[in-house]
Each structure stands twice: as C-alpha cells, then as structure tokens.
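This report refers to the structure that appears directly beneath it.
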Amino acid sequence: MYFKWFGPLALLAALVIGDQIRINRPAHKYRLTVEVETPEGRKSASGVVAIHPDRSYTRRGQTRTLGDAVFVDLGQGRNLVALLAHLDNNKLVLDDMNYVALRAYGAATGKRVPFSEMSRQTGTVPVKGELIPLLISFADPDRPGTARLVAPGNAEAELGPGSRIQGILAEVVPNGYWPLDFGGALGEPVTRGIEARLPWLREKGGAATALRAAGLPDGEGIDAREAFTRK
C-alpha cells in the first residue's frame with residue numbers, strides 16, 4: 001500500500017539533495033602558494049580556498065571565500081602568513097580574496113576571464129601587485145602582539161637578511177561535488193590548520209590584537225578573525 005509513495009518521495013529527495021549541491025558547491029577553488037627564498041633555501045606553503053557565489057533564495061548576491069590564511073614556516077623561528085585580506089585606503093578589505101585567482105588569470109592571459117569559466121582554467125599563474133594579500137610575520141606565533149607587516153618587495157626588513165618573496169601563485173584546482181570533497185577527481189578539500197599554528201585565534205580579540213600590532217586596521221565593522229580564517 002505504501003509502495004505507491006516510494007517513487008514520488010524518492011524524486012523529492014533527489015530534488016532536495018540536488019538543490020543543496022547546487023547551492024553549496026563552490027563556483028571554483030584555487031590553491032594559493034607562497035614561496036620564500038631564505039638563507040637556508042626556498043620555503044613554501046599553500047592552501048586551497050573555495051569561492052562561493054550566493055545561489056540560495058536570499059537574493060543577497062554575496063560571494064564569499066572559505067579557507068584559511070597560508071602559514072609558511074621559514075625555520076629558525078621565522079614565519080610568513082598570507083592573510084585573507086587586502087588593504088585599500090587604510091581599510092581592511094575581505095571581499096577581494098573572492099577575485100584573486102580570477103584577476104590573476106586575466107592578467108596572465110591578457111584577456112577577461114568570466115567568473116563562470118574559472119573552474120575550467122588550467123595551469124599556475126603569478127599573483128602580483130595589488131592582488132597580493134596582506135603579508136605579516138610573528139616574532140612569536142603564540143603571541144598575537146608580535147605581528148609585523150611584511151612588504152612584498154622588502155621582506156628582509158622583517159624576515160631577516162637573505163630573505164625575499166620568491167613568488168605568490170594561484171592555481172585553479174578540481175571543484176568536486178559538495179559535500180564529496182575528498183581530494184583528486186572528487187575535488188580538492190579546503191585547507192584548514194591556521195588555528196593550530198596561531199592558537200590565540202580561538203580567543204576573543206586575538207585576531208584584532210594581531211592586526212593592530214602589524215599596524216593594520218583591526219577589522220572595524222567586520223570580524224577580524226576573517227582575515228585569518230573563513231568558515
């Protein structure tokens with residue numbers, strides 16, 4: 001008697017699941033790699049972030065980035081962190097991370113790359129100039145008040161003699177089908193781990209303290225933690 005409802009219920013479940021995949025699947029993902037030349041050799045680290053347009057029914061039209069800042073362990077107690085933020089007219093800007101890869105591919109190819117075609121891009125492209133996220137370093141990663149701003153063209157001032165930014169790169173990676181982001185063909189998972197590197201991020205005010213110590217706006221009107229992690 002109840003079997004007649006199986007088909008319609010299965011169809012409804014498939015529609016709901018499909019709609020959730022449509023809403024939650026990123027438009028594209030990209031890997032941000034930071035390479036630093038040091039007296040001990042080249043050091044690098046990377047992280048995958050996901051770019052999500054608003055496909056829900058709120059009609060807010062907001063695109064957002066999910067992921068963590070990139071922490072590069074340079075050895076000898078030194079480090080470099082590429083934040084999920086830029087600076088514009090002395091204002092901390094979070095939204096520009098949504099378009100770092102898009103603009104980097106456009107600059108590299110010399111032509112406009114539509115947002116809808118980003119997931120089809122291949123190869124690695126340099127991130128230069130105003131596209132470079134804010135870079136900071138910590139004398140002691142356990143203390144947010146030891147943060148210092150690092151100028152991309154003068155890394156030696158904070159990282160020590162013989163240190164320089166070798167390159168910052170963006171690379172579109174497989175998108176996958178939410179929530180099956182297990183790696184490889186199923187999609188590169190978003191990289192996490194910055195809270196293990198900077199444990200004070202779990203504390204109220206820790207992120208704002210780090211930004212102020214680096215001479216940056218402390219996130220007035222926004223959540224300062226989003227310069228380090230977006231969930």
Side-chain angles (χ1 to χ4, degrees), residues 31-47 49 65 67-97 99-101 103-104 107-108 124-171 191 193-201 203 205-220 222 224-230:
R31 177 181 290 107
L32 188 70
T33 300
V34 181
E35 299 178 338
V36 183
E37 197 67 43
T38 76
E40 293 79 33
R42 186 172 300 182
K43 310 288 185 178
S44 68
S46 63
V49 298
T65 295
D68 279 3
V70 178
F71 185 103
V72 188
D73 186 346
L74 303 177
Q76 306 296 319
R78 296 170 299 162
N79 56 79
L80 181 69
V81 181
L83 298 178
L84 302 176
H86 294 77
L87 195 64
D88 185 18
N89 293 323
N90 202 36
K91 181 179 179 181
L92 200 67
V93 178
L94 302 179
D95 290 345
D96 282 2
M97 289 302 298
Y99 310 105
V100 166
R103 292 166 180 164
T124 301
V125 295
V127 176
K128 299 180 178 179
E130 295 180 354
L131 297 181
I132 297 176
L134 287 167
L135 304 174
I136 63 175
S137 180
F138 293 90
D140 181 353
D142 290 333
R143 297 167 55 205
T146 66
R148 297 293 181 267
L149 187 65
V150 177
N154 186 25
E156 282 190 327
E158 295 299 335
L159 303 182
S163 298
R164 64 186 179 90
I165 308 298
Q166 178 66 27
I168 300 178
L169 308 169
E171 178 187 13
T191 304
I194 193 65
E195 289 182 344
R197 295 283 195 174
L198 307 174
W200 41 262
L201 280 174
E203 302 172 4
T209 298
L211 295 177
R212 286 195 299 269
L216 297 168
D218 61 5
E220 182 179 355
I222 60 176
R225 292 184 76 253
E226 291 196 347
F228 296 87
T229 181
R230 314 263 185 96

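These numbers were taken from a predicted model, which means no experiment stands behind them. We number each residue from 1, following the sequence as shown. The figures that follow rest on heavy atoms only: side chains count, while hydrogens, waters and symmetry mates do not.
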_For Ile136 versus Leu216, what's the shortest heavy-atom pair and its separation?_
CG2-CD1, 4.2 Å

*Would you name the heavy atoms of Pro133 and Leu83 that are closest together and state the gap between them?*
CB-O, 3.1 Å

*asked:* Quick one: does any side-chain atom of Glu158 pair with a main-chain N or O of Val150 as donor and acceptor, under 3.5 Å?
replied: no

_Return the CD to OG1 distance between Glu156 and Thr38, rounded to the nearest 0.5 Å._
11.5 Å

*Between Arg78 and Glu40, is the closest basic N to carboxylate O distance under 4.0 Å?*
yes

*Shortest non-hydrogen contact from Gly206 toward Pro144*: O-CB, 3.5 Å

*Could you tell me whether Glu171 and Arg31 have a side-chain N and a carboxylate O separated by less than 4.0 Å?*
yes

*asked:* If the threshold is 4.0 Å, N to carboxylate O, is there a salt bridge linking Glu35 and Arg164?
replied: no

_Closest contact, heavy atoms only, Pro217 versus Leu87_ = CD-CD1, 3.7 Å

*Between Asn89 (side chain) and Lys91 (backbone), is there a donor-acceptor pair under 3.5 Å?*
no

*Hey, could you give me the CG/OG distance between Leu32 and Ser46, rounded to the nearest 0.5 Å?*
8.5 Å

*asked:* For Thr229 and Asp68: C-alpha separation, side-chain torsions, deciding distance, then whether side chain to side chain donor-acceptor pair (under 3.5 Å) applies.
replied: CA-CA 4 Å; Thr229 181; Asp68 279 3; 2.6 Å; yes

*Do you know the tightest heavy-atom contact between Arg103 and Leu131?*
CB-CD2, 3.6 Å

